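The structure appears below as structure tokens.
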Amino acid sequence: MTGSAVRVRFSPAPTGFLHVGGARTALFNFLYARHVGGTYILRIEDTDVARSRTEWVDGIQDTLHWLGLAWDEGPFLQSDRFDRYLAAAARMHEAGLAYECYCTEDEVKARNDAALAAGRTPGYDGRCRDLTEAERSERRDEGRPVSLRFRTPTTGVSEFDDVVRGAVAVEWSTIPDFIIVRANGTPIFFLANAVDDLEMGITHVIRGEDLLDSTHRVLALRRAMGDDTVPTYAHLPLIVGADRAKLSKRHGAVSLEDFRDQGFLPEALLNYLALLGWAPEDGAEVLSAAELAAAFDLDRVTHSAAFFDHQKLEWINGEWIRRLPLAELVERVRPHAEARYGPGLDEDRLVGAVRIGQERATTLVQLADQMDFLFVDAAAFAIAPESWDRVAGTESLAAILDTVDAHLGDCEWTVEAIDLRPALEPLGVKPRKALPAVYAAIEGRHAGLPLFDSIHLLGRDEARRRIAAARARLG
RNA sequence: GGCCCCGUCGUCUAGCGGCCCAGGACGCCGCCCUCUCAAGGCGGAAACGGCAGUUCGAAUCUGCUCGGGGCUGCCA
């Protein structure tokens, strides 16, 4: 598993559920590690104590496991490692690479707003950058909060090569000094990120493009720690919502758990997510995790933001439902069916329904819903009003139901013998005209699982009872 | 506002100077199959943002322009 020196990490902030953007990032890290035989690490970036929650730390891990994206090392919690970051920050301070800043958040914000209003470029104005020792002690005596701010270069260019973007360069003069330790004594993302990538020997940083600009600051921090090496960076195109804006917890993002609850298979989600921002050379669309890992490479990652297409996900999910062995599919459907109809379902009916539903299902939930007529209480069974409206006017309906009842009364109880078409032939009504009403009578809806199999699963008595009930509605 | 990134069918993409009057997939439309609905098969409509330039030749290279997005936080 760790045949190469490649070390990658997925490093989510536990400030919410895992959504498709985060899952895709985890997946690409996972696939790359598997492709090259490297190590895939999980690191929780919970430096923002106020917003991180342990339930999200657990939730993210659960979801990752469900997806099959188990990590080789970790999880490492940055909140367990604050001393390291703070020590690094202290060294930078001593070396003059960082300085104490006494500005309050509100003051900085007010000055930024003023700069913007005046048409000037916002960003920390360097007020505390070159304070004398006397000025510093004066501010400390005032009881002002003390944060540590990193001194960025004022001249020159910061440049690095990104696997998917190519060379990315920016003038240092456009990057203001930034906080590395908050006034409350906790470290900031840039610092923790730089320290950990270095200490954990991360060789490839694969993450969203929203972090592209922060790379310059992290690299500056690495150099401040005396390290001139640069890991390989690969910034993935963003996954956007219908408005083409970045997905986030407060903007259009959907929890991966919701997809699970909606009846999507992890195989399908993985498969679809892999196709958002990457495509295999041979153009294949339906691939297993192993096939994805074999074909995946960073140099085929695309450049532009992608819209999450729910319809294509549904299609892939159907493909995966069809590929699952029957017994396996039954186990995937079972929890959804039990959630609806209670535990201890009749096994023959469940397996039978899954068997006839497999070739037409798009989601596990849809499949579980379609078999409701087999599990709902006899007393609770009812024909959907819309369906009855559609079929109530069927030509010769009374005769059709009488004929069906008679046929079910004395035919051999096999799917082949139940076939209603020969019995209906004398009535001169086409099966496609006559049968929807029988579907409604038996399944409660005019379209659903194959009728003859459904009748077979239902059993002779209950099937006839339902036909009789429908017949009674005609008066 | 400043900086950075991106721009091929509705959507996801293939394409890396001639094989492209642009290929595949989802979706959509039509036909076939059919016990309903699906699934499946066949066919169809549908795109290189714009303008210059380089070149014998550009979706592919360059510039400009327009458009979209990201960052600009004591969030990550």
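Everything numeric here is computed off the predicted structure, so don't read it as measured data. Letters A, B, ... mirror the listed sequences (proteins, then strands); counts begin at 1. Excluded from the calculations below are hydrogen atoms, water molecules and symmetry mates; all remaining heavy atoms, backbone and side chain alike, are included.
Spacing between atom CD of A/Glu159 and atom P of B/C5 amounts to 10 Å, rounded to whole angstrom units. In this structure, A/Glu359 atom CD and B/C33 atom C1' are separated by 13 Å, rounded to whole Å. Atom-to-atom, CG of A/Leu424 to P of B/U36 comes out at 13 Å; the value is rounded to the nearest Å. Here the C1' atom of nucleotide B/G24 and the CD1 atom of A/Ile316 are 13 Å apart, to the nearest Å. In this structure, A/Gln311 atom CD and B/C29 atom P are separated by 11 Å, rounded to whole Å. As rounded to whole Å, 12 Å separates atom P of B/G73 from atom CG of A/Asp177. In this entry the distance linking CE of A/Met371 with C1' of B/A38 reads 15 Å, nearest Å. In this structure, CG of A/Leu247 is placed 16 Å from C1' of B/A76, rounded to the nearest angstrom.
Comparing the same atom, C1', in B/G49 and in B/G67 gives a spacing of 7 Å after rounding to whole Å. Annotation: B/G15 and B/G73 have their C1' atoms spaced 41 Å apart (nearest Å). Between B/A58 and B/A52, the two P atoms lie 13 Å apart (nearest whole Å). Atom P of B/A22 sits at a distance of 15 Å from the matching atom of B/U60, rounded to the whole Å. A distance of about 12 Å separates the C1' atoms of B/G7 and B/A47, rounded to the whole Å. Distance check on atom C1': B/A59 versus B/G18 gives 13 Å, rounded to whole Å. As rounded to the nearest Å, B/G69 and B/A76 have P atoms that lie 25 Å from one another. Nucleotides B/G10 and B/C6 are separated by 23 Å at their P atoms, to the nearest Å.
Within the 4.0 angstrom heavy-atom criterion, no nucleotide atom of any strand lies near A/Arg207. Using a 4.0 Å heavy-atom criterion, one finds that A/Gly277 contacts the sugar-phosphate atoms exclusively. Contacts of A/Gly448 with the nucleic acid, taken as non-hydrogen atoms under 4.0 Å apart, include base atoms. Using a 4.0 Å heavy-atom criterion, one finds that A/Cys101 contacts no nucleic acid atom at all. Across all strands shown, A/Phe307 has heavy atoms under 4.0 Å from sugar-phosphate atoms exclusively, and none from any base. Using a 4.0 Å heavy-atom cutoff across all strands shown, A/Ala279 reaches sugar-phosphate atoms only and no base atom.
With hydrogens and angles left out, the side-chain atoms of A/Tyr272 and A/Asp309 include no donor and acceptor closer than 3.5 Å.
Applying the salt bridge (Lys or Arg N to Asp or Glu O under 4.0 Å) test to every pair with at least one member in residues 425-439 of chain A, sequence neighbours left out, gives no pairs at all. Residue pairs meeting the salt bridge (Lys or Arg N to Asp or Glu O under 4.0 Å) criterion with at least one partner in residues 153-170 of chain A, sequence neighbours excluded, are A/Arg165-A/Glu209.
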#### Entry: Nucleotide-resolved protein contact map, nucleotides 59-72 of chain B, B/S/- at heavy-atom distance under 4.0 Å
----------SBS-

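Every salt bridge (charged side-chain N to carboxylate O under 4.0 Å, His left out) that A/Arg466 has, sequence neighbours left out, goes to A/Glu462. Considering only residues two or more places apart in sequence or on other chains, A/Phe375 meets the ring pair (Phe, Tyr, Trp, His ring centres under 6.0 Å) condition with A/Tyr341.
Across all strands shown, B/G27 forms no Watson-Crick or G-U wobble pair with both distances under 3.5 Å. The partner of B/C51, taking Watson-Crick or G-U wobble pairs whose two distances both stay under 3.5 Å, is B/G63. Using the Watson-Crick or G-U wobble rule with both distances under 3.5 Å, B/G1 pairs with B/U72. Judged by Watson-Crick or G-U wobble contacts below 3.5 Å, the nucleotide B/A58 has no partner.
Between the side chain of A/Thr414 and the backbone N or O of A/Ala417 there is at least one donor-acceptor pair closer than 3.5 Å.
Annotation: A/His216 is in aromatic contact with A/Phe160 [ring centroid separation under 6.0 Å]. Annotation: A/Tyr32 is not in aromatic contact with A/Phe10 [ring centroid separation under 6.0 Å not met].
Under the 6.0 Å distance and 45° angle rule, A/Arg149 counts as a cation-pi partner of A/Tyr124. A cation-pi geometry, defined here as NZ or CZ lying under 6.0 Å from the six-membered ring centre and within 45° of its normal, does not hold between A/Arg84 and A/Phe82.
Distance from the side chain of A/Pro450 is smallest to B/U36 among B/A14, B/A76, B/U36.
In this structure, A/Thr302 reaches the B/U13 phosphate: one of its side-chain N or O atoms is under 4.0 Å from OP1 or OP2. For A/Ser304 and B/C5, the shortest distance from a side-chain N or O to OP1 or OP2 is not below 4.0 Å.
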Report, one pair per line, the protein and nucleotides 40-50 of chain B atoms (nitrogen or oxygen only) whose separation is under 3.5 Å.
residue, atom, partner, partner atom, Å
B/G40, OP1, A/Glu319, OE2, 3.3

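Using a 4.0 Å cut-off between charged side-chain N and carboxylate O, A/Arg471 and A/Asp402 make a salt bridge. Taking a cutoff of 4.0 Å between a charged side-chain nitrogen and a carboxylate oxygen, A/Glu319 and A/Arg323 qualify as a salt bridge.
Between the base of B/C5 and the side chain of A/Arg165 there is no donor-acceptor pair shorter than 3.5 Å.
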